[in-house]
Protein chains: 2
Amino acid sequence: MDHQEKKQKRWSLEDVRQYLAEHGLRASIYRLKIFEFLINERTHPTAEEIYNRLKKEMPALSPATVYNTLRLFLEKKIIQLVNVEKNEGRYDATLSWHGHLKCLACGRVFDLHIETLKLSGLEGFEIFEKHLNLRGLCPECLKAKKYDKEGKHG
Amino acid sequence: MDHQEKKQKRWSLEDVRQYLAEHGLRASIYRLKIFEFLINERTHPTAEEIYNRLKKEMPALSPATVYNTLRLFLEKKIIQLVNVEKNEGRYDATLSWHGHLKCLACGRVFDLHIETLKLSGLEGFEIFEKHLNLRGLCPECLKAKKYDKEGKHG
DNA sequence: TTATTAATTTATAACGATTACAATATAATA
DNA sequence: TATTATATTGTAATCGTTATAAATTAATAA
């Protein structure tokens with residue numbers, strides 16, 4: 001089984017409620033739903049994608065709330081920013097060490113298992129975050145020849 | 001000697017002119033100077049930093065030219081985008097495989113030597129670009145205690 | 001050299017993602 | 001229930017960047 005397809009336990013809203021509480025956050029319905037979407041769907045959505053998805057079931061939701069909530073989650077360090085495309089913030093609630101690969105044809109962002117990473121020359125530095133971002137084509141799009149490599153640079 | 005201090009050959013303007021020509025680019029003075037700045041100074045500057053630096057010797061330079069030229073260099077794949085901070089494009093004319101570390105106190109971006117990187121689960125994917133971005137503190141700022149770790153998230 | 005054409009640069013407007021702000025609504029506490 | 005704090009909203013503002021059209025400069029042809 002490919003790691004991308006690996007099943008992870010699905011979080012219930014109650015799980016999310018507890019997790020937010022543990023991090024000192026009150027669990028409003030928007031916070032619950034936004035975090036639940038991130039942790040269960042794992043599609044690394046943009047703020048806009050989260051907004052479009054959640055307003056279907058909660059029409060009163062405002063884009064500002066999505067942005068505010070994501071910023072709050074980042075500050076509390078319960079989600080991470082995925083910076084694999086310029087001017088396109090994506091968000092990931094899985095904090096374990098892994099990389100990201102964006103398919104330049106379909107736009108999807110895949111999780112990536114990192115076997116080993118060895119750096120040198122970092123004596124005296126302190127590291128808070130490590131991000132490994134790849135860009136290329138997923139097998140589907142590669143087969144469908146959906147992309148012209150000589151096209152625009154992201 | 002630390003890798004950050006390693007000396008690289010300095011490019012003359014004539015070197016740059018030839019390099020641009022090899023990549024099908026006419027060598028205007030702005031293109032020469034922008035590329036020369038990137039390749040010789042290796043500070044991974046933003047467009048604004050390039051503009052501020054070069055307008056000192058070339059007062060007619062416009063920000064639009066800097067943006068246009070950087071975009072052109074990216075399209076021709078003679079520079080790479082360094083995406084270590086959201087909403088802050090930085091540029092690097094060194095294309096050999098290396099990582100970047102941004103010091104969150106002084107804002108400088110350091111080059112990083114990568115000994116090994118082993119990934120798995122990429123069967124069927126095609127990879128165009130790999131980016132390794134770290135965030136933390138450089139030795140100088142660490143010693144000077146210039147940063148409050150509980151501060152804002154980038 | 002001059003005329004013509006193409007490429008580059010400029011100033012400015014427009015853009016898209018995000019943040020700031022002030023007003024309103026909701027929730028917690030007294 | 002009254003009071004206070006927190007969360008959410010709609011909208012304006014901001015920031016980095018891109019688009020556009022005019023002006024400048026360079027290359028080529030006459």
Side-chain angles (χ1 to χ4, degrees), chain A residues 16-17 20-21 23-35 44-55 57-76 78-91 102 107 109 151-154, chain B residues 16-17 20-21 23-35 44-55 57-76 78-91 102 107 109 151-154:
Chain A
V16 178
R17 184 188 307 277
L20 294 186
H23 290 83
L25 290 175
R26 215 188 267 177
S28 74
I29 183 63
Y30 294 135
R31 291 179 183 175
L32 285 173
K33 287 297 209 165
I34 290 171
F35 191 90
H44 319 88
T46 62
E48 197 191 3
E49 286 166 357
I50 296 170
Y51 170 70
N52 286 330
R53 163 69 176 262
L54 294 185
K55 82 171 164 191
E57 40 178 313
M58 305 186 293
L61 176 64
S62 143
T65 299
V66 177
Y67 282 107
N68 289 341
T69 303
L70 291 171
R71 189 147 28 98
L72 180 70
F73 287 173
L74 284 175
E75 280 164 14
K76 296 296 182 179
I78 61 172
I79 65 173
Q80 63 170 318
L81 176 68
V82 179
N83 221 8
V84 69
E85 182 76 79
K86 198 156 169 261
N87 292 336
E88 183 188 85
R90 294 182 169 272
Y91 301 89
K102 173 165 181 169
V109 174
K152 283 194 142 12
H153 190 293
Chain B
V16 178
R17 182 187 308 275
L20 294 186
H23 290 84
L25 291 175
R26 217 186 266 176
S28 74
I29 184 62
Y30 294 134
R31 292 179 181 173
L32 285 173
K33 287 297 209 164
I34 290 171
F35 191 92
H44 319 88
T46 63
E48 197 191 4
E49 286 166 359
I50 296 170
Y51 170 70
N52 287 329
R53 163 70 176 264
L54 293 185
K55 81 170 167 194
E57 41 177 312
M58 304 187 292
L61 176 64
S62 143
T65 298
V66 177
Y67 282 106
N68 288 342
T69 303
L70 291 170
R71 190 147 29 97
L72 179 70
F73 287 173
L74 284 175
E75 280 163 12
K76 296 294 182 182
I78 61 173
I79 66 173
Q80 63 169 320
L81 176 67
V82 179
N83 221 6
V84 69
E85 181 78 79
K86 197 157 169 262
N87 292 337
E88 183 188 85
R90 293 183 169 272
Y91 301 89
K102 172 163 179 169
V109 174
K152 281 194 149 358
H153 188 291

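Convention: sequence-line order gives letters A, B, ...; per-chain numbering from 1.
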Asks: So does B:K86 pair up with B:E88, basic N to acidic O under 4.0 Å?
Replies: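 Salt bridge absent between B:K86 and B:E88.
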Asks: Just so I know, are the side chains of B:I78 and B:L25 near enough to count as touching, which here means a heavy-atom distance under 4.5 Å?
Replies: yes
Asks: When you measure from the side chain of A:R17 to the backbone of A:L32, do you find a donor-acceptor pair of N or O atoms at a distance under 3.5 Å?
Replies: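 Answer holds: no.
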Asks: Without decimals, in angstroms, what is the distance between A:L61 CG and C:dA25 P?
Replies: 17 Å
Asks: Atom CD of A:E75 and atom P of D:dA7: how far apart are they, to the nearest Å?
Replies: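 The answer, rounded to whole Å, is 12 Å.
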Asks: Donor-acceptor check, side chain of B:E57 to backbone of B:L54, threshold 3.5 angstrom: yes or no?
Replies: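 Absent.
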Asks: B:K55 NZ to C:dT9 P: how many Å, rounded?
Replies: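 Taking atom P of C:dT9 as the reference, NZ of B:K55 is at 18 Å.
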Asks: What's the CZ-C1' distance between B:F73 and C:dT8, to the nearest Å?
Replies: 13 Å
Asks: Could you run through nucleotides 13-19 of chain C and give me one letter per nucleotide, 5' to 3': B if any protein heavy atom sits under 4.0 Å from the base, S if only the sugar-phosphate is that close, - if neither?
Replies: ----SBB
Asks: Salt bridge or not between A:R90 and A:E85? Use side-chain N to carboxylate O under 4.0 Å.
Replies: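 A salt bridge is absent here (no side-chain N lies under 4.0 Å from a carboxylate O).
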Asks: Is any side-chain heavy atom of A:T69 less than 4.5 Å from a side-chain heavy atom of A:I50?
Replies: no
Asks: Specify the residues of residues 25-35 of chain A, ordered by number, for which at least one heavy atom lies under 4.0 angstrom from an atom of DNA chain D.
Replies: A:R26, A:S28, A:Y30, A:R31
Asks: Looking only at heavy atoms, which two atoms of B:Y51 and B:L61 are closest? And how far apart?
Replies: CE1-O, 3.3 Å
Asks: The test is side-chain contact (heavy atoms from CB on, under 4.5 Å); show your working for A:Y91 and A:I34 and say whether it passes.
Replies: CA-CA 11 Å; A:Y91 301 89; A:I34 290 171; over 6 Å; no
Asks: Using whole Å, report how far NZ of B:K76 lies from P of C:dA7.
Replies: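 These atoms are roughly 12 Å apart.
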